[in-house]
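Working notes, structure below.
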Number of protein chains: 4
Amino acid sequence: EDSFTIAGKHYKSRLLVGTGKYKDMQETQLAIEASGAEIVTVAIRRTNIGQNPNEANLLDIISPDKYTILPNTAGCFTADDAVRTCRLARELLNGHKLVKLEVLADQKTLLPEIVETLAAAALLVKDGFDVMVYTNDDPIIAKRLEELGCVAVMPLAAPIGSGLGVQNPYNILTIVENAKVPILVDAGVGTASDAAVAMELGCDGVLMNTAIAAARNPVLMASAMKKGIQAGREAFLAGRMPRKRFASASSPLDGLIG
Amino acid sequence: EDSFTIAGKHYKSRLLVGTGKYKDMQETQLAIEASGAEIVTVAIRRTNIGQNPNEANLLDIISPDKYTILPNTAGCFTADDAVRTCRLARELLNGHKLVKLEVLADQKTLLPEIVETLAAAALLVKDGFDVMVYTNDDPIIAKRLEELGCVAVMPLAAPIGSGLGVQNPYNILTIVENAKVPILVDAGVGTASDAAVAMELGCDGVLMNTAIAAARNPVLMASAMKKGIQAGREAFLAGRMPRKRFASASSPLDGLIG
Amino acid sequence: EDSFTIAGKHYKSRLLVGTGKYKDMQETQLAIEASGAEIVTVAIRRTNIGQNPNEANLLDIISPDKYTILPNTAGCFTADDAVRTCRLARELLNGHKLVKLEVLADQKTLLPEIVETLAAAALLVKDGFDVMVYTNDDPIIAKRLEELGCVAVMPLAAPIGSGLGVQNPYNILTIVENAKVPILVDAGVGTASDAAVAMELGCDGVLMNTAIAAARNPVLMASAMKKGIQAGREAFLAGRMPRKRFASASSPLDGLIG
Amino acid sequence: EDSFTIAGKHYKSRLLVGTGKYKDMQETQLAIEASGAEIVTVAIRRTNIGQNPNEANLLDIISPDKYTILPNTAGCFTADDAVRTCRLARELLNGHKLVKLEVLADQKTLLPEIVETLAAAALLVKDGFDVMVYTNDDPIIAKRLEELGCVAVMPLAAPIGSGLGVQNPYNILTIVENAKVPILVDAGVGTASDAAVAMELGCDGVLMNTAIAAARNPVLMASAMKKGIQAGREAFLAGRMPRKRFASASSPLDGLIG
């Protein structure tokens, strides 16, 4: 059966989801269930997973027994902050080593700060973490992060929370072609077809949050995304027909327009 | 449960498929099963559904007990030819009234001949047929065909057999917004995300053949398309987030670039 | 020198402009001068070119001695209305035979009504007019209009006043490849690169109004459009490099993504 | 008059060109003349500008009296190589301080190596060079290069020699909006409309080589590019109309499709 592997663990669901921006805990839970996700990412700086013993704990509804909890460093703007946050997560989660590293450049764009990201990735790998790393869509940077020892590389489709879909499919394709670790699109997907496009490019999975949480009906959108991911994955494996101007054309498009 | 209605009959599957270009009858059968289609279109001029009693009959594997058989007029280049072909189909199928009308302009482009299509649609409606009609993506022509009494209007996404995907989403959107009958994209879809895009525009369904039959693995692509259609439908119903430049933007895109 | 011919007359400028939506007569005049246009289209139903002897006459600033005046049937929604309007124009312009036919479907979309357009074109050609005809981007309809005897066919890039640019480049390309009369994109261009794209597809010219008149600085935009048209024309004649994924690729894009 | 400034010198032409891939010296010269370029970039590792006294010297046809010669580090894959090459150029050109820095990652993609680029930029600025720097289209990296003291930042539109045009217009727009130094698109332009698009995004200029040299008629394409750049610049200054679905729409596109 089709699956992919991160840090030695196999996953059948290729849709990874976040927990932010939902109306309430119940909607969070229902949407995550509908998504079929096996990996759920949690912003350690914004979400209580035990830091504040007297407040509602997300892990009560998203149980680590059922889901792989993926602590992330959202809200960190330096390598130091990110490393510190990962260590806190590891403590809170009893030695859990899998983290999603994101070092952002600023509050306005939420784009990754690549130099700090590279530094943090190196530190975290050295410190024994299994690092999934959020990055821009530069194929060379993606390769560097793989070479540093990251267990998965996660280029953006478009800025976080933009919903613009895959802005540069050739870059994503090049990243996929060059990779020996799983490539997951992280950020920028807006609707189900965007998720399918990412998978058709050969990505191993897609991580998203806003596209589900900010839909009019998040639970239904979670289901749409689950199917969109599966559709794109199967289409990738099935090998699509070439694009041609007409059925009667003897060769595919020649690159003169497009 | 979500369904749509053509000529008084309800359908849950929004993926309609053809039977051409497969390697053999078995692949045809397996792909159609994997697609989950409830409506299967058959080119009366190319496929034996009883005209030639001594040859293999497609209906032996695609049973009218299980599927709604949708005879189509592929290969007809005039209104007269198309009307004659529909009458032959009605005879062969014991009075079956549902047909897919296509009057093509030429062998090279396989684009619809709109003037002949309008004429044939009027004749067929008058003659008691339930007409699903293949057309270009002109919103005004689509409305005329609805006004003539067609039970479904089927604009192209792109030329038949091209696999280019939806070339003019605004036209498809306008057709959908103006319609009182089901709108199904017919022709031009190439991969699962294309099908999802059509559904996200609000189409009631998608009809395809080459995108499945000409994939490297047609049966798997049929499954991909089934899920892509469902994903797009659910995303449409769920109401996607607006596209924005950044999460921090207070308003969606302003139309200055794109 | 590079030129094209309509109804026996040669033109060097491939930018045709309208006269609507400007702030005042002076801006109209300055923008048209900056555009370098040799053909200026005038909506007979909205513009005084002599029908109302006591009002300002557009021909006083856009002189028929300097420009080819192209009366158009904007605001006509039936073939009859359009034919009547062309005859009025011929009278007002002393037997002038060149007209731009447009029969629109409705006020909301301003899309062409193709059946009425075909009827009107046939009537006008029979009545001795030289007909330039506004149409949708259906390559088959474009060919029919040429076969009816129109001297130029003018498919839309996108709806009138939308500024969306060329929505379906493959359709425009097919129209150009099949044509024996000049093909001019009419309507939908929004900025200079859109005009260049139309010309790079091999069009003989572009007609526009809103893109110039509704720019913040119409006179400067007119100059931009003039250069954009020339740039696109020269690029078409120069023969562009093929699109490839990398300089090192031995063949152009293969149509698998795009 | 409209101009932009690099290292204290004003330029009216916003088209910068390379000298590679031409048939012969004469074609190089004619194309560069037709382009109207004032800045011509020269690959020090591939072109003789005096290193080999007994061979043809490019400067004999592209005179430093007439053009600003912009030595570039094409073919350098490390910061050290690039710095060494710039110093050689400075010597050959009598203390000339303006250079275009490019540190590439590999021969296949010719994509920039961002970490080495940052290192080289810092070294060169410290050593007194005026550094124009080739980079990816990451807005954060572009800002870092500006902060290091580069006099111009040159993001790619697409990979060198690809001719794909601007792949990520939102990134280019963000780079432009954030910049205090000139932003010039470098690499990836394929035809005149691509150049116009870059300028309409607000770029200060475009540098290209293959799009001209690999056209069927390079000299004519050089002229097309000159006009395309001017058209895009004027359109940017003129302020384009908003994109709308129809003229009758009261607001621009809402970001739900596109």
Side-chain angles (χ1 to χ4, degrees), chain A residues 21 106-111 158-166 187 190-200 210-249 252-253, chain B residues 21 106-111 158-165 187 190-200 210-249 252-253 258:
Chain A
K21 302 188 190 179
D106 59 69
Q107 295 275 14
K108 184 191 165 193
T109 67
L110 303 181
L111 290 169
I160 292 174
S162 69
L164 290 170
V166 178
T191 186
S193 58
D194 295 340
V197 164
M199 297 307 296
E200 287 166 354
T210 310
I212 295 174
R216 208 172 50 225
N217 181 338
V219 179
L220 186 54
M221 187 57 94
S223 171
M225 289 298 186
K226 177 185 178 177
K227 288 170 182 158
I229 296 280
Q230 291 173 342
R233 176 64 184 172
E234 290 184 358
F236 172 72
L237 295 173
R240 65 159 293 162
M241 64 176 290
R243 296 161 85 242
K244 303 198 291 186
R245 279 188 58 200
F246 304 110
S248 58
L253 299 179
Chain B
K21 303 188 190 179
D106 59 70
Q107 295 276 13
K108 184 192 165 193
T109 67
L110 302 182
L111 290 169
I160 292 174
S162 69
L164 291 170
T191 186
S193 58
D194 295 339
V197 164
M199 297 307 295
E200 287 165 355
T210 310
I212 296 174
R216 208 172 51 226
N217 180 339
V219 178
L220 186 54
M221 188 56 93
S223 171
M225 289 297 186
K226 176 185 178 178
K227 287 169 182 159
I229 296 280
Q230 291 173 342
R233 176 65 184 171
E234 291 184 356
F236 172 73
L237 295 173
R240 65 159 293 161
M241 65 177 288
R243 296 161 85 242
K244 304 198 290 185
R245 280 187 59 199
F246 304 110
S248 58
L253 300 179

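Reminder, nothing fancy here: chain letters follow the sequence lines and each chain counts from 1. On a predicted model such as this, the values are computed, not experimentally measured, just so you know.
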Looking only at A/Pro218, A/Ala158, A/Gly163, most heavy-atom pairs under 4.5 Å shared with chain B are made by A/Gly163

For chain B, which candidate among A/Ala196, A/Ala249, A/Gly239 shows the most heavy-atom pairs at distances under 4.5 Å?
A/Gly239

CG on B/Leu111 to CZ on A/Phe246, rounded to 0.5 Å:
6.0 Å

Pick one of side chain, backbone, both or neither for B/Leu110, based on which atoms fall under 4.5 Å of a heavy atom in chain A.
side chain

Looking only at heavy atoms and a cut-off of under 4.5 Å, which of B/Gly190, B/Gly232, B/Ala214 has the most pairs with chain A?
B/Gly190

For chain B, which candidate among A/Thr109, A/Asn217, A/Leu220 shows the most heavy-atom pairs at distances under 4.5 Å?
A/Leu220

Minimum heavy-atom distance A/Arg240-B/Asp194, with the two atoms named
NH1-OD2, 4.4 Å

Most heavy-atom pairs under 4.5 Å with chain B, out of A/Gly228, A/Ala195, A/Ser223, belong to A/Ser223

Least distance between heavy atoms, B/Arg216 atom then A/Leu237 atom
NH2-O, 3.0 Å

Compare every heavy atom of B/Arg243 with every heavy atom of A/Leu164, then report the nearest pair and how far apart it is.
CD2-CB, 3.9 Å

Which atom pair, heavy atoms only, marks the closest approach of A/Met241 to B/Ala211?
SD-CA, 3.6 Å

Nearest heavy-atom neighbours spanning B/Met221 and A/Ala235
CE-O, 3.7 Å

Minimum heavy-atom separation for B/Ser248 and A/Lys108, please, with both atom names.
OG-O, 2.7 Å

Winner by heavy-atom pair count (cut-off under 4.5 Å) against chain A, out of B/Gly161, B/Ala238, B/Ser193:
B/Ala238

Approximate separation, where rounding is to 0.5 Å, of A/Lys227 NZ and B/Arg233 CZ:
12.0 Å

